[in-house]
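Heads up, the thing below is written out as structure tokens.
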Amino acid sequence: MAFWLVKSEPDAFSWAQQVEHEVEPWTGVRNFQARKNLAAMRTGDRAFFYHSNIGREIVGVVEVVREAYPDPTADEGNWICVDMRAVGPMPRPVTLAEMKADESLMDFALIRQSRLSVVPVSDAHWAHLCALGGWREP
DNA sequence: GCCAACGTTGGC
DNA sequence: GCCAACGTTGGC
């Protein structure tokens with residue numbers, strides 16, 4: 001199982017909406033590197049749900065329930081999306097400031113490539129971030 | 001609201 | 001294929 005982090009501006013699509021809808025297609029990715037990451041996602045992979053711009057923190061955990069298929073919101077180009085299911089909220093949201101201050105996260109793609117909206121998370125980083133956020137399997 | 005970083009586009 | 005111009009993202 002692989003781990004990821006996906007970003008959303010809460011104005012556009014928030015964690016609350018993800019929870020409300022339960023399963024939701026992750027659409028709108030229009031960046032080649034992010035697309036590559038989406039394509040590599042497998043059913044059962046987990047991802048942190050991050051609020052960019054407003055909040056700037058990891059607010060929850062989602063799970064891939066459907067692998068890459070054509071993004072219905074794209075009117076040209078072969079863009080893809082996956083379906084995500086809300087697993088649960090972070091008991092204690094992990095902020096960007098906190099992550100930037102953490103030496104063990106220096107090589108985390110979220111920090112190094114701030115504009116990438118779908119980023120891979122290493123097993124070690126996943127475990128570390130789960131510990132910081134007090135994450136427990138529901 | 002501003003600005004830095006960076007991806008994309010288009011001229012050559 | 002290079003590079004300048006431009007647009008977008010996202011932190012502050």
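Letters A, B, ... mirror the listed sequences (proteins, then strands); counts begin at 1. In this text the structure is predicted, and so the values were computed from the model without any measurement.
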Atom pair distance, as rounded to whole Å: [atom1] in [X] and [atom2] in [N]:
X         : N       : atom1 : atom2 : result
Arg115(A) : dA5(B)  : CZ    : P     : 11 Å
Arg56(A)  : dC12(C) : CZ    : C1'   : 7 Å
Asn53(A)  : dG10(C) : CG    : C1'   : 5 Å
Phe13(A)  : dT9(C)  : CZ    : P     : 18 Å
Glu9(A)   : dG11(C) : CD    : P     : 9 Å
Arg35(A)  : dG7(B)  : CZ    : P     : 15 Å
Asn31(A)  : dA5(B)  : CG    : C1'   : 13 Å
Glu98(A)  : dC12(C) : CD    : P     : 14 Å

Between [options], which nucleotide has the shortest distance from any of its atoms to the side chain of [X]?
X        : options                  : result
Phe32(A) : dT8(B), dG10(C), dC12(C) : dT8(B)
Leu96(A) : dC6(B), dG10(C), dC12(C) : dC12(C)
Tyr50(A) : dG11(C), dG10(C), dC6(B) : dG11(C)

Side-chain N or O of [X] less than 4.0 angstrom from OP1 or OP2 on [N]?
X         : N       : answer
Gln113(A) : dG7(B)  : yes
Lys7(A)   : dG10(C) : yes
Lys100(A) : dC12(C) : yes

Is there a side-chain contact between [X] and [Y] in this structure, where contact means two heavy atoms from C-beta onward sitting under 4.5 Å apart?
X        : Y         : result
Val29(A) : Val6(A)   : no
Glu24(A) : Val62(A)  : no
Asn37(A) : Leu116(A) : yes

Inset, instruction - Among Phe3(A), Phe108(A), Trp4(A), find the residue that satisfies the ring pair (Phe, Tyr, Trp, His ring centres under 6.0 Å) test when tested with His125(A). - result: Phe108(A)
Inset, instruction - Please say which of Val64(A), Val82(A), Ile80(A) ends up in a side chain to side chain contact (heavy atoms under 4.5 Å, CB included) with Trp26(A). - result: Val82(A)
